[in-house]
2 protein chains.
Amino acid sequence: MSRAVLTFVASALEMVHNGGMSSSTPATARARARAEITAEIKASARLQVAAVGASGLSLRAVSRDLGMASSAIYRYFPSRDALLTALIIDAFDAIGHVAEEANLSLAGSPPEKRWRGVAHAVRRWALDNPHEYALVYGSPVPGYVAPSETATSATRITDVLLGILAEAAPTIARIELPEPPDETAVEMEAIVPGLPPRVTALGIGLWAQLFGLISLELFGHFETVITDRDAFFDHQLTLAAHSMGLDT
Amino acid sequence: MSRAVLTFVASALEMVHNGGMSSSTPATARARARAEITAEIKASARLQVAAVGASGLSLRAVSRDLGMASSAIYRYFPSRDALLTALIIDAFDAIGHVAEEANLSLAGSPPEKRWRGVAHAVRRWALDNPHEYALVYGSPVPGYVAPSETATSATRITDVLLGILAEAAPTIARIELPEPPDETAVEMEAIVPGLPPRVTALGIGLWAQLFGLISLELFGHFETVITDRDAFFDHQLTLAAHSMGLDT
DNA sequence: ACGAAACGAGAGCAGTGCTCTCGCAATGAG
DNA sequence: CTCATTGCGAGAGCACTGCTCTCGTTTCGT
């Protein structure tokens with residue numbers, strides 16, 4: 001079908017992943033072909049997930065799309081779940097990339113503006129890629145292994161948010177905020193060393209709220225209740241900024 | 001088609017609601033057998049979902065479990081999705097029931113205690129029934145129909161929370177809170193008439209946070225970061241109460 | 001008592017993930 | 001350059017899935 005398009009998209013994505021320094025090590029022609037085909041499989045699978053969701057991803061459909069035997073896929077991914085895991089990592093990276101971009105494009109702006117910009121960007125990406133969002137923040141798929149490989153990609157978005165939080169900490173620390181219990185305090189201290197635990201706890205709560213809002217909207221729980229969702233979401237960000245004392 | 005689905009679902013729901021006291025209206029023996037078998041199918045399906053998740057629900061496994069032919073299942077549920085939809089409605093009801101119970105058991109207590117009690121009860125239920133929680137608040141399954149029949153069951157939990165919010169409104173209204181934009185304000189007014197829109201908006205935000213916290217915990221996003229999750233969750237409720245001005 | 005409706009069982013279709021074996025082609029060591 | 005090793009694609013096949021259709025049997029309303 002759109003073989004060439006898929007190849008292009010895939011290689012472009014691959015470029016993003018290893019930062020473009022792959023051309024320096026062409027290795028053998030076979031290795032290059034392998035990387036290319038691996039990327040094609042992922043690209044086709046990504047399209048399929050975007051179209052019908054994770055549960056509808058079929059290895060045989062991917063193999064048909066690429067014009068190869070279904071058994072050949074197993075030369076590249078040991079199982080369907082492995083392919084799905086690769087897509088999950090990609091989605092984590094995509095969401096992290098979106099957040100980083102939004103944050104960078106607002107460099108120099110006050111923390112509140114950066115927080116709002118990142119939140120809006122993440123929501124926009126989620127609305128544009130609902131199935132990939134669900135892949136990451138929805139219910140874990142079949143056997144839900146949650147491999148540790150995803151960790152480094154998963155922390156990108158939280159790093160951005162916690163970075164903004166840390167920068168805003170002096171302002172936040174001025175407002176009255178309940179102190180967490182000791183057990184929680186030490187864990188907060190471990191997450192962002194040097195930051196007052198009560199501030200980190202607030203930040204994680206707002207992070208949960210952010211994804212709660214996006215998930216509820218995306219999974220249809222606002223269906224008949226809230227229609228102007230842009231305005232509603234923006235007001236929620238205003239509320240969040242208010243609770244951090246960033247609006248004064 | 002969806003007409004038939006709704007009929008099936010409705011009768012199934014009826015069955016659950018009047019429990020075993022249907023003997024007053026035995027109707028025909030066949031109707032009783034039908035209700036019984038329908039309930040057995042759902043029970044077996046529920047066990048299977050609890051064991052292996054929604055994506056692992058197999059009609060044939062259910063039929064084997066009940067010792068009947070797989071095709072016979074279709075006399076009771078027109079499709080796998082219809083069976084899943086029935087389970088979703090049950091899960092909504094279960095979660096609503098848990099919330100109502102927690103709220104009732106704290107009748108007379110101040111709103112903060114009730115809010116905390118309900119939140120803890122919902123989280124506890126989610127931790128005890130992860131797959132059923134995912135059925136409801138995770139990513140919608142394949143084609144995500146979200147039939148309107150779920151609405152009445154879905155609002156039970158929100159009714160409880162909004163009820164507590166309304167009762168606490170006089171206290172909440174005393175704190176300084178940003179005013180939502182006009183479009184949002186009219187929608188808030190429609191959700192809880194008479195309540196200040198800024199209070200309703202705050203409440204919905206906290207509702208989103210509640211489910212965001214539960215979802216993140218349940219779907220493994222706190223895995224390596226937060227270990228004492230009870231204490232953390234409780235502190236988040238303290239933060240929520242603080243943001244509503246209920247702690248002074 | 002009889003026609004109609006509901007029901008259960010079985011066969012069958014198209015599809016799935018995954019395994020195994022077979023031959024061909026590229027690879028790297030001698 | 002030769003040649004054994006390895007990587008790889010194709011095909012057949014297994015066990016499983018949701019779902020449909022047909023065909024007798026049982027039960028119901030009248």
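Numbers restart at 1 for each chain; the letters A, B, ... are given by sequence-line order, proteins then strands. Being a predicted model, the structure only gives us computed values, none of them experimental.
- Atom OG of residue Ser55(A) and atom NE2 of residue His131(A) lie 8.0 Å apart, to the nearest 0.5 angstrom.
- One atom, CE of Met68(B), and another, C1' of dC19(D), lie 15 Å apart when rounded to the nearest Å.
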Hey, can you pull the donor-acceptor pairs under 3.5 Å for the side chains in residues 207-215 of chain A, sequence neighbours left out?
residue: Gln209(A); atom: NE2; partner: Gly205(B); partner atom: O; Å: 2.9
residue: Ser215(A); atom: OG; partner: Tyr133(A); partner atom: OH; Å: 3.0
residue: Ser215(A); atom: OG; partner: Phe211(A); partner atom: O; Å: 2.8

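- For Asp159(A), there are no side chain to side chain donor-acceptor pair (under 3.5 Å) partners at least two apart in sequence or on another chain.
- In this structure His120(A) satisfies the ring-ring contact (aromatic ring centres under 6.0 Å, His included) test together with Phe233(A), sequence neighbours excluded.
- For the segment residues 57-64 of chain A, the set of residues with a heavy atom within less than 4.0 Å of an atom of DNA chain D comprises Arg60(A), in numerical order.
- Protein atom CG of Leu66(B) is 15 Å distant from nucleotide atom P of dC7(C), rounded to whole Å.
- At whole-Å resolution of the value, CZ in Phe77(B) and P in dC7(C) are 13 Å apart.
- For the OP1/OP2 pair of dC18(C) and a distance below 4.0 Å, the side-chain nitrogens and oxygens of Arg80(A) include no atom meeting the criterion.
- Using a 4.0 Å heavy-atom criterion, one finds that Ile37(A) contacts the sugar-phosphate atoms exclusively.
- Residues meeting the side chain to side chain donor-acceptor pair (under 3.5 Å) test with Asp230(B), sequence neighbours left out: Arg123(B).
- Computed from coordinates, the Arg32(B) CZ to dC28(D) C1' distance equals 15 Å when rounded to whole Å.
- Backbone-only engagement by Ser79(A) is indicated by non-hydrogen atom pairs under 4.0 Å involving sugar-phosphate atoms exclusively.
- As judged by a 4.0 angstrom heavy-atom cut-off over every strand, Ile73(B) is placed among residues making no nucleic acid contact.
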In B/S/- notation (B base, S sugar-phosphate only, - none; protein heavy atoms under 4.0 Å), nucleotides 20-30 of chain C written 5' to 3' is B----BSSS--
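- Closest of all the heavy-atom pairs between Leu135(B) and Ala54(B) is CD1-CB, 3.3 Å.
- Looking at residues two or more places apart in sequence or on another chain, you find no side chain to side chain donor-acceptor pair (under 3.5 Å) involving Asn129(B).
- Considering only residues two or more places apart in sequence or on other chains, Glu101(B) meets the side-chain contact (heavy atoms from CB on, under 4.5 Å) condition with His97(B).
- Distance, Asp81(B) CG to dT17(D) C1': 14 Å, rounded to whole Å.
- Rounded to an integer number of Å, the gap from Tyr76(B) OH to dC19(D) P is 18 Å.
- If you take CG of Leu84(A) and C1' of dG17(C), they are 13 Å apart, rounded to a whole angstrom.
- With sequence neighbours excluded, the residues that form a side chain to side chain donor-acceptor pair (under 3.5 Å) with Thr227(B) are Glu187(A).
- For the pair Leu83(B) CG and dC19(D) P, the computed distance is 10 Å after rounding to whole Å.
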